[in-house]
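Convention: sequence-line order gives letters A, B, ...; per-chain numbering from 1.
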Number of protein chains: 2
Amino acid sequence: MRARPTETDFQRQAEICRSHALSLTVQRRSVLEELAGRSDHPTADDVFEAVRRRLPEISRTTVYRVLETLVRVGVARRVCHPGSAARYETRMRRHHHLVCLQCEAMIDLDDPSLDGLPLPNPSSGFRIEDYSIQFRGICPECIKRGSVRRKSPKPGKAAAGGEA
Amino acid sequence: MRARPTETDFQRQAEICRSHALSLTVQRRSVLEELAGRSDHPTADDVFEAVRRRLPEISRTTVYRVLETLVRVGVARRVCHPGSAARYETRMRRHHHLVCLQCEAMIDLDDPSLDGLPLPNPSSGFRIEDYSIQFRGICPECIKRGSVRRKSPKPGKAAAGGEA
DNA sequence: ATTACGAATGGAATTAATTGTCAAGCAGGA
DNA sequence: TCCTGCTTGACAATTAATTCCATTCGTAAT
(Lines give C-alpha, C1' and ligand atoms only; values in the text may rest on other atoms or scores of the structure.)
Protein backbone atom coordinates (compact mmCIF):
# COMPACT_ATOMS: atom_id res chain seq x y z
CA MET A 1 0.00 0.00 0.00
CA ARG A 2 0.98 3.45 0.55
CA ALA A 3 4.53 4.30 1.32
CA ARG A 4 5.09 5.43 4.84
CA PRO A 5 5.54 9.13 5.20
CA THR A 6 9.23 9.54 4.92
CA GLU A 7 11.17 11.82 7.15
CA THR A 8 11.66 13.92 4.07
CA ASP A 9 7.96 14.19 3.46
CA PHE A 10 7.40 15.30 6.96
CA GLN A 11 10.19 17.82 6.86
CA ARG A 12 8.79 19.32 3.73
CA GLN A 13 5.35 19.54 5.25
CA ALA A 14 6.71 21.03 8.43
CA GLU A 15 8.61 23.54 6.36
CA ILE A 16 5.44 24.60 4.62
CA CYS A 17 3.78 25.11 7.97
CA ARG A 18 6.67 27.20 9.16
CA SER A 19 6.60 29.28 6.02
CA HIS A 20 3.04 30.13 6.93
CA ALA A 21 4.08 31.19 10.40
CA LEU A 22 2.51 28.13 11.93
CA SER A 23 4.32 26.64 14.84
CA LEU A 24 4.43 22.89 14.77
CA THR A 25 2.60 22.13 17.96
CA VAL A 26 2.13 18.61 19.24
CA GLN A 27 -1.44 18.71 18.09
CA ARG A 28 -0.58 19.79 14.59
CA ARG A 29 2.29 17.39 14.45
CA SER A 30 0.12 14.51 15.61
CA VAL A 31 -2.67 15.21 13.19
CA LEU A 32 -0.27 15.61 10.34
CA GLU A 33 1.61 12.44 11.17
CA GLU A 34 -1.57 10.49 11.50
CA LEU A 35 -2.98 11.75 8.24
CA ALA A 36 0.25 11.33 6.35
CA GLY A 37 0.64 7.85 7.73
CA ARG A 38 -2.48 6.41 6.24
CA SER A 39 -3.82 6.17 2.76
CA ASP A 40 -7.45 5.48 3.45
CA HIS A 41 -8.74 9.03 3.31
CA PRO A 42 -10.10 9.27 6.85
CA THR A 43 -12.80 11.61 8.02
CA ALA A 44 -12.04 14.30 10.55
CA ASP A 45 -13.53 12.07 13.17
CA ASP A 46 -11.43 9.11 12.12
CA VAL A 47 -8.37 11.26 12.57
CA PHE A 48 -9.61 12.50 15.91
CA GLU A 49 -10.17 8.98 17.20
CA ALA A 50 -6.76 7.87 16.03
CA VAL A 51 -4.82 10.83 17.33
CA ARG A 52 -6.49 10.86 20.69
CA ARG A 53 -5.05 7.43 21.40
CA ARG A 54 -1.64 8.98 21.54
CA LEU A 55 -2.77 12.38 22.70
CA PRO A 56 -5.82 11.82 24.88
CA GLU A 57 -6.31 15.48 25.72
CA ILE A 58 -6.67 16.65 22.17
CA SER A 59 -10.09 18.02 21.39
CA ARG A 60 -12.25 17.33 18.43
CA THR A 61 -12.43 21.03 17.70
CA THR A 62 -8.70 21.20 17.41
CA VAL A 63 -8.57 18.32 14.99
CA TYR A 64 -11.14 19.96 12.75
CA ARG A 65 -9.26 23.20 13.00
CA VAL A 66 -5.88 21.68 12.30
CA LEU A 67 -7.20 19.81 9.30
CA GLU A 68 -8.64 22.99 7.92
CA THR A 69 -5.35 24.73 8.52
CA LEU A 70 -3.39 22.01 6.76
CA VAL A 71 -5.69 22.32 3.80
CA ARG A 72 -5.33 26.06 3.77
CA VAL A 73 -1.56 26.02 3.62
CA GLY A 74 -1.57 23.29 1.04
CA VAL A 75 -0.24 20.36 3.02
CA ALA A 76 -3.46 18.41 2.93
CA ARG A 77 -6.50 18.29 0.73
CA ARG A 78 -10.12 17.67 1.34
CA VAL A 79 -11.12 14.93 -1.04
CA CYS A 80 -14.28 14.41 -2.93
CA HIS A 81 -16.42 11.87 -1.35
CA PRO A 82 -20.11 11.36 -1.78
CA GLY A 83 -20.48 10.11 1.74
CA SER A 84 -21.63 12.56 4.32
CA ALA A 85 -18.44 13.43 6.11
CA ALA A 86 -15.41 15.21 4.63
CA ARG A 87 -12.29 13.19 4.08
CA TYR A 88 -8.67 14.18 3.92
CA GLU A 89 -5.40 13.18 2.34
CA THR A 90 -1.88 14.53 2.33
CA ARG A 91 -0.80 13.27 -1.04
CA MET A 92 -0.69 16.42 -3.05
CA ARG A 93 0.99 15.10 -6.15
CA ARG A 94 -1.41 14.23 -8.92
CA HIS A 95 -3.05 10.90 -8.47
CA HIS A 96 -6.48 9.42 -8.90
CA HIS A 97 -9.02 7.48 -6.91
CA LEU A 98 -10.81 4.20 -7.17
CA VAL A 99 -14.09 4.48 -5.34
CA CYS A 100 -16.08 1.39 -4.50
CA LEU A 101 -19.77 1.86 -5.17
CA GLN A 102 -20.58 -0.71 -2.55
CA CYS A 103 -18.43 -0.21 0.49
CA GLU A 104 -17.34 3.31 -0.34
CA ALA A 105 -13.69 2.52 0.05
CA MET A 106 -11.45 5.03 -1.64
CA ILE A 107 -8.13 3.79 -2.96
CA ASP A 108 -5.30 5.82 -4.39
CA LEU A 109 -4.36 5.10 -7.96
CA ASP A 110 -1.09 6.14 -9.52
CA ASP A 111 -0.96 5.86 -13.25
CA PRO A 112 1.49 8.08 -15.10
CA SER A 113 -0.40 7.57 -18.34
CA LEU A 114 -3.29 9.49 -16.82
CA ASP A 115 -1.22 12.35 -15.57
CA GLY A 116 -0.73 14.15 -18.83
CA LEU A 117 -4.28 14.60 -19.92
CA PRO A 118 -4.75 17.44 -22.38
CA LEU A 119 -6.55 20.06 -20.36
CA PRO A 120 -9.78 21.15 -21.96
CA ASN A 121 -10.11 24.84 -22.65
CA PRO A 122 -13.65 25.56 -21.66
CA SER A 123 -15.12 28.46 -23.52
CA SER A 124 -16.47 29.70 -20.24
CA GLY A 125 -13.12 31.09 -19.22
CA PHE A 126 -12.63 28.70 -16.37
CA ARG A 127 -8.97 28.54 -15.41
CA ILE A 128 -8.03 24.95 -14.73
CA GLU A 129 -5.24 24.36 -12.25
CA ASP A 130 -5.34 20.66 -11.60
CA TYR A 131 -7.46 17.60 -12.01
CA SER A 132 -8.13 14.22 -10.57
CA ILE A 133 -10.04 11.28 -11.92
CA GLN A 134 -12.49 9.30 -9.94
CA PHE A 135 -12.97 5.74 -11.12
CA ARG A 136 -16.11 4.17 -9.80
CA GLY A 137 -16.55 0.47 -9.54
CA ILE A 138 -16.35 -2.49 -7.22
CA CYS A 139 -13.39 -3.18 -5.03
CA PRO A 140 -11.80 -6.63 -4.75
CA GLU A 141 -13.26 -7.26 -1.31
CA CYS A 142 -16.77 -6.53 -2.47
CA ILE A 143 -16.33 -8.64 -5.56
CA LYS A 144 -15.22 -11.48 -3.35
CA ARG A 145 -18.13 -11.34 -0.99
CA GLY A 146 -20.71 -11.10 -3.70
CA SER A 147 -22.49 -8.08 -4.91
CA VAL A 148 -25.48 -7.87 -2.70
CA ARG A 149 -25.23 -5.07 -0.24
CA ARG A 150 -24.66 -1.42 -0.79
CA LYS A 151 -22.53 0.50 1.59
CA SER A 152 -20.81 -1.10 4.48
CA PRO A 153 -22.40 -0.71 7.90
CA LYS A 154 -20.34 2.22 8.98
CA PRO A 155 -18.89 4.59 6.44
CA GLY A 156 -16.13 4.86 8.89
CA LYS A 157 -13.38 4.14 6.55
CA ALA A 158 -14.06 4.35 3.03
CA ALA A 159 -16.18 6.32 1.07
CA ALA A 160 -18.50 6.15 -1.53
CA GLY A 161 -19.65 6.69 -4.68
CA GLY A 162 -19.74 9.77 -6.09
CA GLU A 163 -18.19 11.56 -8.62
CA ALA A 164 -15.65 13.79 -9.22
CA MET B 1 -26.27 26.29 -20.76
CA ARG B 2 -27.49 22.90 -20.01
CA ALA B 3 -30.20 21.72 -22.25
CA ARG B 4 -33.57 21.81 -20.66
CA PRO B 5 -34.84 18.46 -19.60
CA THR B 6 -36.69 17.34 -22.62
CA GLU B 7 -39.99 15.64 -22.38
CA THR B 8 -38.16 12.60 -23.58
CA ASP B 9 -35.70 12.78 -20.73
CA PHE B 10 -38.47 13.01 -18.28
CA GLN B 11 -40.39 10.17 -19.82
CA ARG B 12 -37.35 7.97 -19.68
CA GLN B 13 -36.79 8.86 -16.05
CA ALA B 14 -40.41 8.31 -15.20
CA GLU B 15 -40.24 4.97 -16.95
CA ILE B 16 -37.31 3.96 -14.81
CA CYS B 17 -39.26 4.86 -11.71
CA ARG B 18 -42.19 2.81 -12.87
CA SER B 19 -39.97 -0.14 -13.62
CA HIS B 20 -38.97 -0.01 -9.99
CA ALA B 21 -42.56 -0.03 -8.87
CA LEU B 22 -42.40 3.58 -7.83
CA SER B 23 -45.49 5.59 -8.39
CA LEU B 24 -44.79 9.03 -9.74
CA THR B 25 -46.27 11.11 -6.97
CA VAL B 26 -46.41 14.87 -7.17
CA GLN B 27 -43.55 15.07 -4.74
CA ARG B 28 -41.35 12.74 -6.74
CA ARG B 29 -42.33 14.39 -9.93
CA SER B 30 -41.58 17.84 -8.55
CA VAL B 31 -38.22 16.87 -7.15
CA LEU B 32 -37.25 15.13 -10.34
CA GLU B 33 -38.35 18.02 -12.51
CA GLU B 34 -36.54 20.49 -10.36
CA LEU B 35 -33.35 18.52 -10.32
CA ALA B 36 -33.44 17.74 -14.00
CA GLY B 37 -34.12 21.36 -14.79
CA ARG B 38 -30.97 22.76 -13.35
CA SER B 39 -27.33 22.09 -13.95
CA ASP B 40 -25.81 23.56 -10.83
CA HIS B 41 -25.69 20.42 -8.74
CA PRO B 42 -27.90 21.60 -5.89
CA THR B 43 -27.81 20.25 -2.38
CA ALA B 44 -30.80 18.43 -0.96
CA ASP B 45 -31.71 21.61 0.80
CA ASP B 46 -31.45 23.68 -2.35
CA VAL B 47 -33.87 21.30 -3.99
CA PHE B 48 -36.16 21.49 -1.01
CA GLU B 49 -36.24 25.27 -1.08
CA ALA B 50 -36.91 25.33 -4.78
CA VAL B 51 -39.59 22.68 -4.84
CA ARG B 52 -41.43 24.06 -1.89
CA ARG B 53 -42.13 27.21 -3.83
CA ARG B 54 -44.40 25.26 -6.07
CA LEU B 55 -45.41 22.69 -3.53
CA PRO B 56 -45.43 24.46 -0.18
CA GLU B 57 -46.53 21.46 1.81
CA ILE B 58 -43.65 19.25 0.80
CA SER B 59 -41.43 18.29 3.67
CA ARG B 60 -37.70 18.28 3.84
CA THR B 61 -37.79 14.66 4.82
CA THR B 62 -39.57 13.78 1.64
CA VAL B 63 -37.06 15.61 -0.47
CA TYR B 64 -34.17 13.79 1.14
CA ARG B 65 -36.05 10.55 0.75
CA VAL B 66 -36.95 11.14 -2.87
CA LEU B 67 -33.42 12.12 -3.78
CA GLU B 68 -32.11 8.98 -2.19
CA THR B 69 -34.70 6.97 -4.06
CA LEU B 70 -33.80 8.56 -7.37
CA VAL B 71 -30.18 7.72 -6.76
CA ARG B 72 -31.06 4.17 -5.87
CA VAL B 73 -32.94 3.50 -9.07
CA GLY B 74 -30.30 5.20 -11.15
CA VAL B 75 -32.09 8.32 -12.26
CA ALA B 76 -29.93 10.68 -10.26
CA ARG B 77 -26.48 10.63 -8.80
CA ARG B 78 -24.95 12.05 -5.72
CA VAL B 79 -21.95 14.02 -6.82
CA CYS B 80 -18.70 14.43 -5.12
CA HIS B 81 -18.04 17.78 -3.77
CA PRO B 82 -15.31 18.61 -1.36
CA GLY B 83 -16.86 20.53 1.41
CA SER B 84 -20.48 21.36 1.77
CA ALA B 85 -23.44 19.10 1.75
CA ALA B 86 -24.16 16.34 -0.73
CA ARG B 87 -25.14 17.49 -4.17
CA TYR B 88 -27.19 15.83 -6.85
CA GLU B 89 -27.46 15.69 -10.60
CA THR B 90 -29.56 13.80 -13.10
CA ARG B 91 -27.11 13.72 -15.96
CA MET B 92 -26.06 10.15 -15.99
CA ARG B 93 -24.13 10.12 -19.24
CA ARG B 94 -20.41 10.50 -18.86
CA HIS B 95 -19.32 14.03 -18.31
CA HIS B 96 -16.89 15.88 -16.11
CA HIS B 97 -16.84 18.74 -13.68
CA LEU B 98 -15.13 22.06 -13.30
CA VAL B 99 -14.96 22.88 -9.63
CA CYS B 100 -14.08 26.35 -8.50
CA LEU B 101 -11.65 26.35 -5.62
CA GLN B 102 -12.95 29.69 -4.48
CA CYS B 103 -16.69 29.77 -4.69
CA GLU B 104 -17.19 26.01 -4.96
CA ALA B 105 -19.34 26.29 -8.04
CA MET B 106 -19.54 23.05 -9.96
CA ILE B 107 -20.00 23.25 -13.69
CA ASP B 108 -20.64 20.41 -16.09
CA LEU B 109 -18.05 19.83 -18.75
CA ASP B 110 -18.66 17.83 -21.86
CA ASP B 111 -15.59 16.93 -23.81
CA PRO B 112 -15.73 13.89 -26.02
CA SER B 113 -11.97 13.70 -26.13
CA LEU B 114 -12.02 12.87 -22.45
CA ASP B 115 -14.65 10.21 -22.69
CA GLY B 116 -12.53 7.46 -24.08
CA LEU B 117 -9.79 7.32 -21.53
CA PRO B 118 -7.98 4.01 -21.43
CA LEU B 119 -9.16 2.48 -18.19
CA PRO B 120 -6.30 1.54 -15.95
CA ASN B 121 -6.17 -2.06 -14.89
CA PRO B 122 -5.23 -1.83 -11.27
CA SER B 123 -3.42 -4.90 -10.07
CA SER B 124 -5.62 -4.84 -7.03
CA GLY B 125 -8.50 -6.42 -8.91
CA PHE B 126 -10.72 -3.39 -8.69
CA ARG B 127 -13.43 -3.57 -11.33
CA ILE B 128 -13.90 -0.16 -12.88
CA GLU B 129 -17.33 0.65 -14.21
CA ASP B 130 -17.18 4.33 -14.94
CA TYR B 131 -15.20 7.44 -14.29
CA SER B 132 -15.44 11.16 -14.09
CA ILE B 133 -12.80 13.83 -14.01
CA GLN B 134 -12.81 16.71 -11.61
CA PHE B 135 -10.99 19.76 -12.88
CA ARG B 136 -10.16 22.17 -10.12
CA GLY B 137 -9.49 25.80 -10.75
CA ILE B 138 -11.02 29.23 -10.73
CA CYS B 139 -14.30 30.06 -12.38
CA PRO B 140 -14.78 33.11 -14.58
CA GLU B 141 -16.74 35.00 -11.95
CA CYS B 142 -14.04 34.55 -9.35
CA ILE B 143 -11.35 35.53 -11.82
CA LYS B 144 -13.29 38.66 -12.55
CA ARG B 145 -13.71 39.77 -8.99
CA GLY B 146 -10.11 39.18 -8.09
CA SER B 147 -8.65 36.22 -6.35
CA VAL B 148 -8.81 37.21 -2.75
CA ARG B 149 -11.40 35.31 -0.86
CA ARG B 150 -11.88 31.64 -0.52
CA LYS B 151 -15.35 30.28 -0.61
CA SER B 152 -18.29 32.45 -1.32
CA PRO B 153 -20.53 33.41 1.59
CA LYS B 154 -22.81 30.48 1.12
CA PRO B 155 -21.56 27.37 -0.59
CA GLY B 156 -25.16 26.63 -1.15
CA LYS B 157 -25.70 27.62 -4.66
CA ALA B 158 -22.85 28.19 -6.91
CA ALA B 159 -23.78 28.88 -10.44
CA ALA B 160 -27.36 28.24 -10.65
CA GLY B 161 -30.40 28.38 -12.52
CA GLY B 162 -30.05 30.03 -15.60
CA GLU B 163 -26.70 29.70 -16.83
CA ALA B 164 -26.65 30.65 -20.36
C1' DA C 1 -69.02 3.27 -3.35
C1' DT C 2 -66.67 0.88 0.59
C1' DT C 3 -62.96 -1.59 2.66
C1' DA C 4 -58.43 -3.07 3.29
C1' DC C 5 -53.56 -2.70 2.83
C1' DG C 6 -49.22 -1.32 1.58
C1' DA C 7 -46.83 2.72 -0.22
C1' DA C 8 -45.71 7.48 0.62
C1' DT C 9 -45.75 11.64 3.14
C1' DG C 10 -45.22 15.39 6.77
C1' DG C 11 -43.44 17.04 10.82
C1' DA C 12 -41.18 16.56 15.03
C1' DA C 13 -37.31 14.74 17.18
C1' DT C 14 -32.77 12.93 16.97
C1' DT C 15 -28.16 12.16 15.64
C1' DA C 16 -24.09 13.44 13.12
C1' DA C 17 -20.97 16.84 11.39
C1' DT C 18 -19.06 21.16 11.60
C1' DT C 19 -18.29 25.79 13.13
C1' DG C 20 -18.20 29.68 16.41
C1' DT C 21 -17.15 31.74 20.95
C1' DC C 22 -14.23 32.74 24.45
C1' DA C 23 -11.29 32.27 28.34
C1' DA C 24 -6.92 30.13 29.59
C1' DG C 25 -2.23 28.42 28.31
C1' DC C 26 2.17 28.86 26.09
C1' DA C 27 6.03 30.98 23.39
C1' DG C 28 8.87 34.58 22.10
C1' DG C 29 10.24 39.41 21.90
C1' DA C 30 10.46 44.13 24.11
C1' DT D 1 9.20 39.80 33.58
C1' DC D 2 5.41 41.72 30.93
C1' DC D 3 2.96 42.07 26.79
C1' DT D 4 1.13 40.15 22.74
C1' DG D 5 -0.37 36.96 19.66
C1' DC D 6 -0.91 32.20 18.39
C1' DT D 7 -3.20 27.83 19.98
C1' DT D 8 -5.99 25.14 22.38
C1' DG D 9 -10.02 23.05 24.82
C1' DA D 10 -14.64 23.16 26.57
C1' DC D 11 -18.99 24.02 25.20
C1' DA D 12 -22.67 26.39 22.67
C1' DA D 13 -24.66 26.95 18.24
C1' DT D 14 -25.37 25.63 13.48
C1' DT D 15 -26.08 22.96 9.74
C1' DA D 16 -26.80 18.47 7.56
C1' DA D 17 -28.82 14.11 7.55
C1' DT D 18 -31.65 10.60 9.46
C1' DT D 19 -35.24 8.32 12.24
C1' DC D 20 -39.90 7.75 14.16
C1' DC D 21 -44.54 7.44 13.70
C1' DA D 22 -49.21 8.74 12.92
C1' DT D 23 -51.82 10.12 8.94
C1' DT D 24 -52.94 10.12 4.17
C1' DC D 25 -53.02 8.37 -0.53
C1' DG D 26 -53.60 5.03 -4.29
C1' DT D 27 -55.09 0.88 -5.93
C1' DA D 28 -57.37 -3.28 -6.10
C1' DA D 29 -60.75 -6.28 -4.38
C1' DT D 30 -65.31 -6.43 -2.69
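Under the side chain to side chain contact (heavy atoms under 4.5 Å, CB included) test applied with A:Val31, the options A:Val63, A:Thr62, A:Thr25 reduce to a single match, A:Val63.
A salt bridge does not link A:Arg12 to A:Glu15: none of the charged nitrogens lies less than 4.0 Å from a carboxylate oxygen. With respect to A:Arg91 and A:Asp110, a salt bridge is recorded, a charged nitrogen being found less than 4.0 Å from a carboxylate O. The pair A:Glu33-A:Arg29 counts as a salt bridge, with a side-chain nitrogen and a carboxylate oxygen less than 4.0 angstrom apart. In summary, A:Glu34 and A:Arg38 engage in a salt bridge, as defined by a charged side-chain N under 4.0 Å from a carboxylate O.
Here A:Asp115 pairs with nothing under the salt bridge (charged side-chain N to carboxylate O under 4.0 Å, His left out) rule; sequence neighbours left out.
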> Tell me, for nucleotides 4-12 of chain D in 5' to 3' order, what letter each nucleotide earns: B for a base near a protein heavy atom under 4.0 Å, S for only sugar-phosphate near one, - for neither?
Replying inline: ---SBBBB-
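Note: CG (B:Asp46) to P (D:dA17) measures 10 Å, nearest angstrom. Between A:Leu24 atom CG and C:dC26 atom C1' there is a gap of 15 Å when expressed in whole angstrom units. For the pair A:Arg87 CZ and C:dA17 P, the computed distance is 10 Å after rounding to whole Å. Protein atom NE2 of B:His81 is 15 Å distant from nucleotide atom C1' of D:dA16, rounded to whole Å. Distance A:Phe48 CZ to C:dT18 P: 13 Å, rounded to the nearest Å. Between the C1' atom of C:dA8 and the CZ atom of B:Arg29 lies a distance of 17 Å, rounded to the nearest Å. Counting to the nearest Å, the P atom of C:dA7 and the CZ atom of B:Arg72 are 12 Å from each other. Straight-line distance from the CZ atom of B:Arg60 to the P atom of D:dT15: 11 Å, rounded to whole Å.
For the pair B:Arg94 and B:Tyr131, the cation sits on the ring face: its NZ or CZ lies under 6.0 Å from the ring centre, inside 45° of the axis.
Comparing the start and finish of the helix from C:dA1-D:dT30 to C:dA30-D:dT1, five pairs each, the helix axis swings through 20°, to the nearest 10 degrees.
At the phosphate of C:dT19, neither OP1 nor OP2 sits under 4.0 Å from any side-chain N or O atom of A:Tyr64.
To the nearest 0.5 Å, atom CD of residue A:Glu129 and atom CG of residue A:Leu119 are 11.0 Å apart.
The hydrophobic cluster containing A:Met92 does not contain A:Leu109, counting ILVMFWY residues as joined when their side-chain heavy atoms lie under 4.5 angstrom apart, directly or transitively.
B:Ala86 comes within 4.0 angstrom of sugar-phosphate atoms only, judged by non-hydrogen atoms across all strands, and of no base.
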